[in-house]
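Report on the structure given below.
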Amino acid sequence: MDTESAVERYGTMVYRLAYAQLRSRQDADDVFQEVFLRYHRAAPPFESEEHRKAWLLRVTANRANSLAASPWRKRSVPLEDVYSYSQPEESGLDAALAQLPPKYRAVIHLYYYEGYNTEETARILGRKPSTVRCQLTRGRALLRSQLEGENHYE
């Protein structure tokens, strides 16, 4: 599959994961471009479309983690992105998700929004399945308390 076809087919998925981890449109754009640039340059052979999709998600997660950990990002102040939601509860959920630590946002996004099970999520993020299950449990608990108006972070 050429790069243009890959962008058309998987671009939204890559962008959503990058945004879920970084919570910044500009940073998600940067990760998106880097992922597809790597795809274009490497042109890796894939066994199946599922393998291609998993590769793209893995590279996206790695690039987002690298960007989030960069010293430059730690010294910058993020601009507020303003979205409009069709349902009032969507904005509350998005705000609650934005306040979760990145390690929880990533597993929740891959599990609920992309439909991966815990083993697949673990493989994509380079974590143990037991770690992903634990992070899902803790992330859901944090999200629940956040939506109920409490702020209990580790």
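What's counted below: heavy atoms across the whole structure, side chains too, no hydrogens, waters or symmetry copies.
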**Asked** If you look at every heavy atom in Arg63 and Val31, which pair is closest and at what distance?
**Response** CB-CG1, 4.0 Å
**Asked** Looking only at heavy atoms, which two atoms of Gln135 and Val107 are closest? And how far apart?
**Response** OE1-CG1, 3.5 Å
**Taking every non-hydrogen atom, the tightest pair across Ala122 and Lys128** = CB-C, 3.7 Å
**Message:** Could you work out, with side-chain contact (heavy atoms from CB on, under 4.5 Å) as the rule, every residue matching Tyr111, not counting sequence neighbours?
**Reply:** Thr118, Leu136, Arg140
**Request:** Kindly state each residue pair satisfying salt bridge (Lys or Arg N to Asp or Glu O under 4.0 Å) with at least one member in residues 2-15, sequence neighbours excluded.
**Result:** Arg9-Glu49
**Message:** Considering only residues two or more places apart or on different chains, which pairs with a residue in residues 118-127 satisfy salt bridge (Lys or Arg N to Asp or Glu O under 4.0 Å)?
**Reply:** Glu119-Arg133
**Asked** Tell me, do Gln146 and Leu100 make a side-chain contact under 4.5 Å, heavy atoms counted?
**Response** no
**Item:** Atom of Leu142, atom of Pro101 and distance for their closest heavy-atom approach
**Value:** CD1-CD, 4.3 Å
**Complete:** Here the gap from Arg38 atom CZ to Trp55 atom CH2, rounded to the nearest 0.5 Å, amounts to 8.0 Å
**Prompt:** Same cluster for Val7 and Phe46 if Ile/Leu/Val/Met/Phe/Trp/Tyr side chains link at under 4.5 Å?
**Reply:** yes
**Prompt:** Does His40 have any side chain to side chain donor-acceptor pair (under 3.5 Å) partners at least two apart in sequence or in another chain, and if so, which?
**Reply:** Thr3
**Request:** Using a strict cut-off of less than 4.0 Å between a Lys/Arg side-chain nitrogen and an Asp/Glu carboxylate oxygen, indicate whether Arg144 and Glu148 qualify as a salt bridge.
**Result:** no
**Request:** To the nearest 0.5 Å, tell me how far Leu125 CG sits from Lys103 NZ.
**Result:** 12.5 Å
**Request:** Answer whether the closest heavy-atom distance between the side chains of Val14 and Tyr39 falls below 4.5 Å.
**Result:** no
**Message:** To the closest 0.5 Å, what do you measure between OG1 (Thr60) and CG (Leu110)?
**Reply:** 9.5 Å
**Message:** Considering only residues two or more places apart or on different chains, which pairs with a residue in residues 106-117 satisfy salt bridge (Lys or Arg N to Asp or Glu O under 4.0 Å)?
**Reply:** Arg16-Glu114
**Prompt:** Can you name the side-chain contact (heavy atoms from CB on, under 4.5 Å) partners of Asp29, sequence neighbours left out?
**Reply:** Tyr15
**Asked** Hey, what do you get for CZ (Arg41) to CZ (Phe36), rounding to the nearest 0.5 Å?
**Response** 15.0 Å
**Asked** Once you round to the nearest 0.5 Å, how far does CG of Asn62 lie from CG of Leu67?
**Response** 12.5 Å
**Message:** Same cluster or not: Leu37 versus Tyr10, using hydrophobic residues (I, L, V, M, F, W, Y) connected whenever any side-chain heavy atoms lie under 4.5 Å apart?
**Reply:** no
**Request:** Please name the pair of heavy atoms, one in Tyr104 and one in Arg138, separated by the smallest distance, quoted to 0.1 Å.
**Result:** OH-CD, 3.6 Å
**Fill in**
Residues Ile108 and Gly139: closest non-hydrogen pair is CD1-C, 3.7 Å
**Request:** To the nearest 0.5 angstrom, please state how far the CZ atom of Phe32 sits from the OG1 atom of Thr12.
**Result:** 7.5 Å
